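As a basis for the values below, the full set of heavy atoms in this structure was taken, side chains included, without hydrogen atoms, waters or symmetry mates. The first residue of the sequence shown is numbered 1, and numbering continues consecutively from there. Treat the numbers as computed from the prediction; the structure is a model and nothing was measured.
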Amino acid sequence: MFHTGLPWLVEEARHAAGEEAHRTNHHREADGCVVRSAAHPNWVTWSGRTHFNRSVSSDRLGKPHPEPWPESQGWGGRDNQHWSSLTMASAYLLTRSYSLEMEVDAEIEVYLAGHTLPSTHPGWSTNGIDSSRGIGRTLLSLSWHYLLTGRADLRTRISERIRQCIAQQWTGRNVAGPVRPITHSSPDPRIIGGYDFWRPWEDSLAILGLKAAYRVTGRQEAHDIAVIGAKTLFTFGWRAIGNGGEIATGLRWRADGTPLTAAELSDPTQAVWSAGVGFEM
């Protein structure tokens, strides 16, 4: 639908986006009203549900701990690393569907409840920067949601998350060398088992989300981190293959920002490339 613009596909787009209603993140008060995070300052979400740790979310919305999992037919709430709502936002713009508007509203509330701030919840694990794809996908999706709704509380939270969390925790913050990625990971045998590493393909998502957030909030840190991350990605995160390019799944990360040598870039224990693993684009 979004590619062709054929009008008879509009309803199919609305229906497809409406599948989000299956997710288990539609929280209600006892009287049936939508749960508003502003009315529950001690309610914290994780993947769209009340946080599993009672010390993190002392407000359980009246439910027991541990909370019985709903009969969801395999559906869950959105986790940060896969929070991509662009189909839903686009379908809402096409249709102005009331049900899709309610879905956007539900996502905003679980974002506000789950993306906490050190200034209001010091020491909480939900103040973390998250992975690069978690940064990028949530910022891009919630920037869209702000444009759809104009909610000032959402815009403020996006801006403060950048200021208080991302700008303070991004990997390249105090790095002297030229390799200044947005995040890095500890050794992981699924990617690079012997060294800390960064994920260029994920940084590509973070850059888009940060730039979108800058455009809707004006938060300068988002712009600056996106530019530094993009320069690092363009210079070090891919290699030329034939007439095209190949982005890296993971590259060894040195804390001083030193780039890998040509020999290291060919060493699968230090550099993993994307061909055949779904990240070619």
Side-chain angles (χ1 to χ4, degrees), residues 20 22-27 35 37 43-53 56-57 69 72 74-89 103-118 120-121 123-146 148 151 153-171 181-186 188 190-191 198-214 216-217 219 221-222 225-226 229 249-250 279:
E20 298 297 334
H22 291 294
R23 295 195 180 276
T24 58
N25 57 285
H26 302 81
H27 302 283
V35 169
S37 63
W43 175 54
V44 181
T45 59
W46 183 261
S47 295
R49 302 289 299 173
T50 300
H51 198 287
F52 54 85
N53 190 326
V56 174
S57 184
W69 196 253
S72 60
W75 287 79
R78 288 196 184 278
D79 69 277
N80 295 337
Q81 296 187 19
H82 302 91
W83 195 329
S84 185
S85 303
L86 306 186
T87 297
M88 184 171 72
E103 288 300 321
V104 170
D105 184 66
E107 288 203 355
I108 291 173
E109 292 302 327
V110 296
Y111 173 81
L112 293 172
H115 288 242
T116 56
L117 300 173
T120 55
H121 299 91
W124 286 20
S125 60
T126 44
N127 297 335
I129 186 175
D130 211 309
S131 67
S132 289
R133 61 179 173 174
I135 294 168
R137 285 172 170 158
T138 55
L139 286 181
L140 184 57
S141 293
L142 274 298
S143 293
W144 269 89
H145 288 356
Y146 169 73
L148 297 176
R151 283 185 55 170
D153 57 344
L154 173 60
R155 182 179 182 273
T156 298
R157 180 61 58 85
I158 293 171
S159 180
E160 286 302 300
R161 280 284 298 187
I162 294 166
R163 183 179 74 86
Q164 296 188 36
C165 302
I166 296 172
Q168 305 303 318
Q169 300 173 36
W170 69 290
T171 290
I182 295 173
T183 67
H184 73 283
S185 302
S186 299
D188 184 336
R190 297 172 300 176
I191 309 292
W198 64 290
R199 305 172 191 257
W201 76 272
E202 287 199 24
D203 271 20
S204 70
L205 299 176
I207 290 160
L208 291 175
L210 286 162
K211 191 60 185 294
Y214 168 69
V216 301
T217 67
R219 177 60 66 184
E221 296 98 318
I225 296 169
T249 301
F279 302 139

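A donor and an acceptor atom, one from each side chain of Asn80 and His115, are located under 3.5 Å apart. A donor-acceptor pair shorter than 3.5 Å can be found between the side chains of Ser85 and Glu107. For the residue pair Thr183 / Trp198, no side-chain donor-acceptor distance below 3.5 Å is found, with atom types taken as modelled. There is no side-chain donor-acceptor pair under 3.5 Å between Thr217 and Ser159.
A distance-only check finds a donor-acceptor pair linking the side chain of His26 to the backbone of Arg23 [under 3.5 Å]. Using modelled atom types, no side-chain atom of Arg133 and backbone atom of Glu202 make a donor-acceptor pair closer than 3.5 Å. The closest donor-acceptor contact from the side chain of Arg137 to the backbone of Gln81 lies under 3.5 Å. Checked by atom type and distance alone, the side chain of Asn25 never pairs as donor or acceptor with a backbone atom of Ser47 at under 3.5 Å. Between the side chain of Thr24 and the main chain of Ser72, no donor-acceptor pair closer than 3.5 Å is present. Looking only at distances, a side-chain donor or acceptor of Gln169 sits under 3.5 Å from a matching main-chain atom of Ile129. With hydrogens and angles disregarded, a donor-acceptor distance shorter than 3.5 Å links the side chain of Asn127 to the backbone of Leu117.
The pair Glu160-Arg155 does not count as a salt bridge, with every side-chain nitrogen at least 4.0 angstrom from each carboxylate oxygen. The existence of a salt bridge linking Glu20 and Arg78 is confirmed by a sub-4.0 Å separation between a basic side-chain nitrogen and an acidic carboxylate oxygen.
Ring-centre distance between Trp43 and His51: not below the 6.0 Å cut-off. Taking the six-membered ring for Trp and the full ring otherwise, the centers of His22 and Trp75 sit less than 6.0 Å from each other.
Looking at Val110 and Trp83, their side chains come closer than 4.5 Å, going by heavy atoms from C-beta outward. The shortest distance between side-chain heavy atoms of Leu112 and Arg151 falls below 4.5 Å. The closest side-chain heavy-atom distance from Tyr146 to Leu142 is not below 4.5 Å. Looking at His145 and Met88, their side chains come closer than 4.5 Å, going by heavy atoms from C-beta outward. Under the 4.5 Å side-chain criterion, counting only non-hydrogen atoms from C-beta, Ile166 is not in contact with Glu221.
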Result block: side-chain N/O donor-acceptor pairs under 3.5 angstrom for residues 203-212, not counting sequence neighbours:
unit_1: Asp203; atom_1: OD1; unit_2: Ser132; atom_2: OG; d: 2.6
unit_1: Asp203; atom_1: OD2; unit_2: Ile182; atom_2: N; d: 3.0
unit_1: Ser204; atom_1: OG; unit_2: Trp201; atom_2: O; d: 2.5

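Here the closest non-hydrogen pair linking Ile225 and Ala167 is CD1-CA, 3.9 Å.
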Would you check, one step at a time, whether the test side-chain contact (heavy atoms from CB on, under 4.5 Å) holds for Ile191 with Arg199?
CA-CA 10 Å; Ile191 309 292; Arg199 305 172 191 257; 3.9 Å; yes
